[in-house]
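One structure below.
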Amino acid sequence: MPEMPEVEYTVRQLRTSLVGATIDEAMVFWERTIGRPDVATFRAEIAGRHITDVRRRGKFSLLDLSGDLFVAIHRRMTGNFFLLPSGWHIDTHLREEDPVAWRTKGPSFIPPHESDESLVQAASLQVLTEPVLSTKTAHCRVCFNLVDGRRLLFTDPRKFGRIELWSRQQEAEAFKGLGPEPLSENFTVAFLTEALAKGKTSIKQVLLAQDIIAGIGNIYADEALSYAGIHPLRRADSLTAAEIHLLHEGIVAVLTTGIEHGGTSFNDYRDMWGEAGDNYSHMRVYKKHRQPCGHCGTLIERIPIAQRSTHFCPACQRLTGE
DNA sequence: ATTTAGACCTGTCAGC
DNA sequence: TGCTGACAGGTCTAAA
């Protein structure tokens with residue numbers, strides 16, 4: 001679900017709120033979410049650590065911890081962070097009452113009592129009425145309790161997300177499968193030209209390959225190709241120099257505007273406060289099949305490429321001829 | 001050596 | 001209104 005812009009936007013929010021905080025403990029409600037090392041070691045190692053920075057690499061969110069460790073979180077399709085103010089209580093009674101429902105739903109969170117002074121803090125943080133909050137805290141798989149009483153929730157309905165613990169010495173190993181950051185100075189037209197020259201497959205598949213460029217997913221691949229007027233089925237090594245130049249420009253443009261608009265939300269993506277991003281209103285083709293192209297009026301098409309839905313304008317993005 | 005279908009999971013929405 | 005099936009921001013791996 002989240003691609004680079006969604007991850008980057010949330011990471012920036014988390015950085016302003018979490019740097020300097022101390023983790024008391026992690027509560028794990030779905031064990032497979034912890035991908036490395038085992039759950040017991042993970043919990044033992046992070047307890048008591050300070051969060052020294054929050055960063056991003058590709059689609060990974062990184063929590064740097066004291067003691068030269070870092071937590072790498074991949075949100076996959078439906079993973080989200082939610083920062084719960086202090087004073088809220090965690091309710092796990094479902095674990096005993098209905099173990100089957102517990103496995104999918106996880107714990108629920110209940111507001112502080114009116115006598116609790118931390119209610120004042122919670123109230124100052126907008127929108128935290130119980131019915132609204134219950135949707136934002138649903139499907140909690142891992143809950144990081146901070147020493148100051150706040151909780152960082154990792155919610156993930158589909159359970160595809162993964163959380164790993166690494167030492168800083170292992171950082172190269174942790175990200176060995178990732179290509180350059182598309183918004184860094186390493187991502188040049190020359191680099192893209194060289195990478196595409198090796199691509200025997202469709203340009204759409206190459207854009208999705210994290211070992212070539214890190215962070216582009218299904219939305220921004222379609223949007224970048226639309227920007228450049230390139231058909232998604234074009235062989236990567238067939239693009240002209242002019243097309244590569246436009247594509248490079250398109251990748252940078254759609255990712256940058258995606259971040260500026262707080263990311264793209266359909267069903268699942270939410271920021272740290274559980275709010276949707278509004279980038280969808282700025283998009284050209286993604287999920288707009290059977291709607292007219294904003295440029296020429298031709299109906300946008302949707303076709304599968306490598307089992308991913310792919311959206312494009314058949315008039316603006318031609319496969320053959322000029 | 002590459003492609004591709006299947007697996008991992010749950011929720012939502014279009015269409016009959 | 002109710003059921004069924006298609007589909008979902010991702011990535012790994014077994015099978016072809």
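- Within 4.0 Å of Pro2(A), counting heavy atoms only, lies at least one base atom of the nucleic acid.
- The nearest whole Å value for the distance from the CZ atom in Arg302(A) to the C1' atom in dA6(C) is 8 Å.
- Among the protein residues, Arg32(A) comes within range of the sugar-phosphate backbone only, with heavy atoms under 4.0 Å from sugar or phosphate atoms but none that close to a base.
- Between the side chains of Tyr220(A) and Thr264(A), a donor-acceptor pair is found at a separation under 3.5 Å.
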Protein-nucleic acid N or O pairs under 3.5 Å, nucleotides 2-6 of chain B:
| residue | atom | partner | partner atom | Å |
| --- | --- | --- | --- | --- |
| dA5(B) | N7 | Gln307(A) | OE1 | 3.3 |
| dA5(B) | N7 | Gln307(A) | NE2 | 3.0 |

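- We find that CH2 of Trp102(A) is positioned 17 Å from P of dC9(B), with the value rounded to whole Å.
- Mapped onto DNA chain B by nearest heavy atom, Lys105(A) and Arg290(A) fall at different nucleotides, with Lys105(A) at the one closer to the 5' end.
- Taking atom P on both dC9(B) and dG5(C), the two are 23 Å apart, rounded to the nearest angstrom.
- Listed pair Arg76(A) / dC9(B) fails the phosphate criterion, with no side-chain N or O lying under 4.0 Å from OP1 or OP2.
- Computed from coordinates, the Phe266(A) CZ to dT10(B) P distance equals 24 Å when rounded to whole Å.
- Using P as the reference atom, dG11(B) and dT11(C) are 22 Å apart when rounded to the nearest Å.
- Between Arg103(A) and the phosphate of dT10(B), there is no side-chain N or O to OP1/OP2 separation shorter than 4.0 Å.
- As judged by a 4.0 angstrom heavy-atom cut-off over every strand, Thr78(A) is placed among residues making no nucleic acid contact.
- Residues in residues 70-97 of chain A take part in no salt bridge (Lys or Arg N to Asp or Glu O under 4.0 Å) pair, two or more places apart or across chains.
- Taking 4.0 Å as the cut-off between side-chain N and carboxylate O, Arg168(A) and Glu171(A) count as a salt-bridged pair.
- Atom CZ in Arg158(A) sits about 13 Å away from atom P in dC7(C), given to the nearest Å.
- Counting non-hydrogen atoms under 4.0 angstrom, Asn218(A) reaches the backbone sugars and phosphates but no base.
- Atoms CG (Asn267(A)) and C1' (dC9(B)) sit 15 Å apart, rounded to a whole Å.
- One finds no side-chain N or O of His139(A) lying less than 4.0 angstrom from the OP1 or OP2 phosphate oxygen of dT10(B).
- A straight line from CG of Leu208(A) to P of dT11(C) spans 9 Å, rounded to a whole angstrom.
- Straight-line distance between the P atoms of dG6(B) and dC7(C): roughly 15 Å, to the nearest whole Å.
- Lys287(A) forms no cation-pi arrangement with Tyr280(A), by the criterion of a distance under 6.0 Å to the ring centre and an angle within 45° of the ring axis.
- Here the nucleotide nearest the side chain of Lys287(A), chosen from dG10(C), dT10(B), dA8(C), is dA8(C).
- Heavy atoms of Asp156(A) sit nowhere under 4.0 angstrom from any nucleic acid atom.
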For Watson-Crick and G-U wobble pairs within 3.5 Å on both distances, what is DNA chain C written in dot-bracket notation, | included for inter-strand pairing?
.|||||||.|||||||

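- Between the side chains of Asp156(A) and Thr78(A), at least one donor-acceptor pair of N or O atoms lies under 3.5 Å.
- Here the closest non-hydrogen pair linking Lys59(A) and His74(A) is CB-NE2, 3.7 Å.
- Taking the six-membered ring for Trp, Phe109(A) and Phe82(A) have ring centres at least 6.0 Å apart.
- Comparing dA1(B) with dA14(C), their C1' atoms are spaced 15 Å from each other, to the whole Å.
- Put simply, Phe160(A) rests on the base of dG10(C): the two rings are less than 5.5 Å apart at their centres and nearly parallel, under 30°.
- Annotation for Ser309(A) and Asn218(A): closest pair O-ND2, 2.9 Å, computed over non-hydrogen atoms.
- For Glu243(A) and Arg234(A), the salt-bridge test passes: some basic side-chain N is under 4.0 Å from an acidic carboxylate O.
- Separating the CD1 atom of Ile73(A) from the C1' atom of dT11(C) is a distance of 17 Å, rounded to the nearest angstrom.
- Within the nucleic acid shown, Arg270(A) has no heavy atom closer than 4.0 Å to any nucleic acid atom.
- Considering only side-chain atoms of His74(A), the nucleotide from dT10(B), dC7(C), dT11(C) that sits closest is dT11(C).
- Looking at heavy-atom distances under 4.0 Å, Glu6(A) makes no contact with the nucleic acid at all.
- One hydrophobic cluster, built from ILVMFWY side chains closer than 4.5 Å, holds both Ile163(A) and Met272(A).
- In this structure, Thr264(A) reaches the bases: a heavy-atom distance under 4.0 Å links it to at least one base atom across the strands shown.
- Looking at Glu25(A) and Arg151(A), no side-chain N of the basic residue comes within less than 4.0 Å of a carboxylate O on the acidic one, giving no salt bridge.
- Separating the CZ atom of Arg162(A) from the C1' atom of dT13(C) is a distance of 14 Å, rounded to the nearest angstrom.
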